[in-house]
Amino acid sequence: MVYKLSDPIGSKIFNFNKFVDGIDLNEVLHDITCLPCNCSNSPYADPFHQHIVTGDLRIINNSKLRKLFSKGPKYRKPVHMNWKDVKCRVVEGLRSCVKQWCDNNSVQTIILNDWLNAVLKLVDDKIHFIKSRIKSHKVNPLLKRHDVISSLKQLKDRFVICPIDKATGNIALVCKRFYALVLANELGLINNVDNTVERTYEVINGNSTEVIDQHISDLKGIFNISFDEVNKCLPNMYWLPKMHKTPSKARFIVAAPICSIKQLSKAVTTAFKIFFKLIEKYNKISSFFSGVNTFWVIQNNSPVINSVNQLNKRSAAKSITTFDFSTLYTKIPHDKLIFVLNSLVDFCFKSNDCKYLVITRYGAKWSNNISKNDIWFDGTKMKVAVAYLLDNCFFMTGKILFRQIIGIPMGSDPAPFFANLFLYFYESKWLKDMKKVDLTKARRFGNTFRFIDDLTAINDGGEFERCFPNIYPPELELKKENVGNCEATFLDLDLTITDRKFNIKLFDKRDNFPFNIVRMPFILSNMPSTIFYSSIGAEILRIARASYNMQDFITTSRTLVNRMVSQGAKHHRLVRVLKKIYGRHISTFSHIASNAITFVSQLLV
């Protein structure tokens, strides 16, 4: 059965895209009072910014709306079950599947009539059975109540309502005037911007229609991509408050689900997924023979945990340091990025016997043959595509057209691959050069890991801290995050060294936010209950993998279980999901409990 969930409430309550789309920054800078600001005497005003930038929902006077906001923007409003509509949707889906299958196999739909009637009979029986088991409750949608509508409108008039960076399950309310000023400052429209610093963005004297028309022509003429009319627009720039920083900062994003170069962007991203895997495989083989780790890039915390496990077996824990690249995405010069990506494209195509990389609806594949309608790349065409994407980083802020001229737009499809491979190029080159002159020193980086702009060096004797200025381009700024070298946080891990062994427990920077964090779904959300309970099992498993100490696991897991009970979880379903997850991952939970009954009793008290 294939189904689609209803839209979450975020689509109804957020207004940041609408605000950015309609703002006139020139007018704002000419007369700042054109935007409301009632922050001066508000207890919710940020003491540093002197404006309201908050996730504290007590600022919402209407208790019903406040309660709805507290469930987060991913919450889906419960709806009244209309069984007649359910039957219609199922019939519609089945007929669509039948037609698609018959079209693909060049047969008439009539041959599946008997099958379709048999399935519909089963559907009728199932609906009748479920109706007899479920009591239908009348639902009064909050967002259709007049008092709630009025309160929400007042909030939207005063504030920009948006997600919070690193806590997208929570909602921030930001003073409209402040939001606009932060945007204008980032875009270089305010006179106090330091003119000695090279600007990241430039204002384009033209209109979006001209840019879009050129994109339509180029996509077809250069890349053989038929333009989808739904993409006839440019993305906006918006920002999300980084509440985990003190004082809070802004994360600027240029992205949209649809835009004029979206199809090319997706095609290039699909290709770079293949390149990334090929480069990773090559480096793993090279590392096996040389003992030098030339590929530090990781996708999750598993390599870090595996490395720590091996060190703990020998009681060899000595040091850990963590680092962070400041504003990585907006600091990479385009000329250096293009040189690096072109070099890697050449490497990937030379490493393969096939001439073309063909993009399909399921991914990408190497091939020596192409057809007229294929979207394909050879080495030369891929380089053209990369340069085209970087040269066409156009976006709108209100009626002003901008282009990003330094760095990679955060939020664009290939951005993580571009950033990761850019840093990898310099890391691997430095290590290969070092290997020729000092193999022992090169091997000290065997437990160095990087997740995009976050890096940790384990047991390296301080080598990374001494060497990183020689590894990366001078435009990039790298800062040490932890104090000393015996404890640190990296990704979702809290690592400490005691008696030459690492201890790991789960870390969540959102725990320090000055308001309640929405972390998991609610049972009343309009979705199958299996999704709700499966999320609990998955989270318990994640906690276990990141907890060496049994008491740390129990404390964190009980907090989770209590939270899920308050969000609607039933005791008997919790018992079932905990037994199931234990049975499937006995080895993972072996340091917690010897059997499922003990495991469940430790978490449900």
Side-chain angles (χ1 to χ4, degrees), residues 199-202 204 206 208 210-228 230-237 252-276 279 327-349 356-359 363-364 374-397 401-425 452 475:
R199 292 195 173 189
T200 305
Y201 316 97
E202 65 177 1
I204 301 299
S208 60
E210 294 172 353
V211 173
I212 293 169
D213 287 344
Q214 187 63 54
H215 288 167
I216 294 173
S217 174
D218 291 343
L219 259 61
K220 185 61 180 175
I222 303 174
F223 304 108
N224 198 34
I225 296 176
S226 298
F227 189 80
D228 189 338
V230 73
N231 290 320
K232 209 168 184 178
C233 63
L234 294 177
N236 287 324
M237 172 185 272
F252 297 93
I253 299 174
V254 177
I258 54 173
C259 68
S260 53
I261 57 172
K262 191 70 170 183
Q263 291 160 277
L264 177 62
S265 181
K266 284 187 173 181
V268 169
T269 303
T270 302
F272 268 81
K273 285 180 182 178
I274 299 296
F275 297 158
F276 183 88
I279 292 167
T327 57
L328 170 66
Y329 283 89
T330 55
K331 292 295 184 182
I332 300 176
H334 280 185
D335 57 342
K336 291 184 178 180
L337 179 59
I338 288 174
F339 171 78
V340 166
L341 296 180
N342 285 352
S343 300
L344 296 176
V345 167
D346 284 338
F347 169 81
C348 291
F349 275 93
Y356 305 108
L357 188 63
V358 180
I359 309 301
D374 281 340
I375 299 173
W376 59 269
F377 297 98
D378 58 12
T380 301
K381 194 174 178 181
M382 178 55 70
K383 294 176 189 177
V384 171
V386 168
Y388 189 89
L389 287 177
L390 293 175
D391 196 44
N392 284 269
C393 299
F394 294 99
F395 63 92
M396 302 293 296
T397 302
L401 177 62
F402 293 89
R403 183 170 66 135
Q404 185 166 337
I405 53 178
I406 298 177
I408 315 164
M410 180 174 285
S412 62
D413 294 282
F417 289 104
F418 285 2
N420 258 330
L421 292 175
F422 179 78
L423 296 178
Y424 152 76
F425 179 86
I452 306 181
E475 293 86 356

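A quick note: this is a predicted structure, and the numbers were derived from the prediction, not measured.
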Quick check, are the ring centers of Phe223 and Tyr388 under 6.0 angstrom apart? yes
Could you grab the distance from atom CE of Met410 to atom OG1 of Thr327, nearest 0.5 Å is fine? 9.0 Å
With a cut-off of 6.0 Å (strictly less than), are more than 12 heavy atoms of other residues, nucleotides or ligands near NZ of Lys383? yes
Just wondering, do Val254 and Cys393 contact through their side chains at under 4.5 Å, heavy atoms? no
Passes side chain to side chain contact (heavy atoms under 4.5 Å, CB included), Phe275 versus Leu357? Steps please. CA-CA 10 Å; Phe275 297 158; Leu357 188 63; 3.8 Å; yes
Are Ser260 and Lys232 close enough that some pair of their side-chain heavy atoms sits under 4.5 Å apart? no
Validation row: Val268, Phe417 side chains within 4.5 angstrom (heavy atoms): no
Return yes when atom NZ of Lys336 has more than 12 non-hydrogen atoms of other residues, nucleotides or ligands closer than 6.0 Å, and no otherwise. yes
Within the side chain of Lys262, is there an N or O that forms a donor-acceptor pair under 3.5 Å with the backbone of Asp228? no
Fit a plane to each ring of Phe402 and Phe395, take the angle between them on a 0 to 90° scale, and name the class: parallel (under 30°), tilted (30 to 60°) or perpendicular (over 60°). parallel
CD1 (Ile375) and NZ (Lys266) are apart, to the nearest 0.5 Å, by 11.5 Å
In this structure, CG of Leu344 is separated from CZ of Phe418 (nearest 0.5 Å) by 11.0 Å
Please find the pair of heavy atoms, one from Ile261 and one from Asn392, that lie closest to each other, and give the distance. CD1-O, 3.6 Å
N/O donor-acceptor pair under 3.5 Å between Asp346 side chain and Gly379 backbone: no
For Lys381, I'd like to know if atom NZ has over 12 heavy atoms of other residues, nucleotides or ligands within 6.0 Å. yes
Taking all atoms of both residues into account, what is the closest heavy-atom pair of Pro416 and Ile452, and its distance? CB-CD1, 4.3 Å
Atom of Ile408, atom of Ala419 and distance for their closest heavy-atom approach: CD1-N, 3.8 Å
Taken to the nearest 0.5 Å, the spacing of Ile332 CD1 from Ile406 CD1 works out to 11.0 Å
Under 4.5 Å between any side-chain heavy atoms of Ile279 and Cys348, yes or no? yes
Nearest 0.5 Å please: distance from the CG atom of Asn224 over to the CH2 atom of Trp376. 8.5 Å
Considering all heavy atoms of both residues, which atom of Ile225 and which atom of Leu264 are nearest to each other, and what is their separation? CD1-CA, 3.8 Å
Report yes if some heavy atom in the side chain of Phe339 is under 4.5 Å from a heavy atom in the side chain of Phe422; otherwise report no. no
At their closest point, which heavy atom of Leu341 faces which heavy atom of Leu421, and how far apart are they? CD2-CB, 4.4 Å
Can you tell me how far apart CD1 (Ile274) and CZ (Phe377) are? Round to the nearest 0.5 Å. 12.5 Å
Of all the heavy-atom pairs spanning Gly407 and His334, show the shortest one and how long it is. O-NE2, 2.7 Å
With under 30° as parallel and over 60° as perpendicular, where do the rings of His215 and Phe394 fit, or are they tilted in between? tilted
Intermediate values then yes/no, side chain to side chain contact (heavy atoms under 4.5 Å, CB included), Arg403 and Asp391: CA-CA 8 Å; Arg403 183 170 66 135; Asp391 196 44; 2.8 Å; yes
So, Asn231 and Gln263: side-chain donor and acceptor under 3.5 Å apart, yes or no? yes
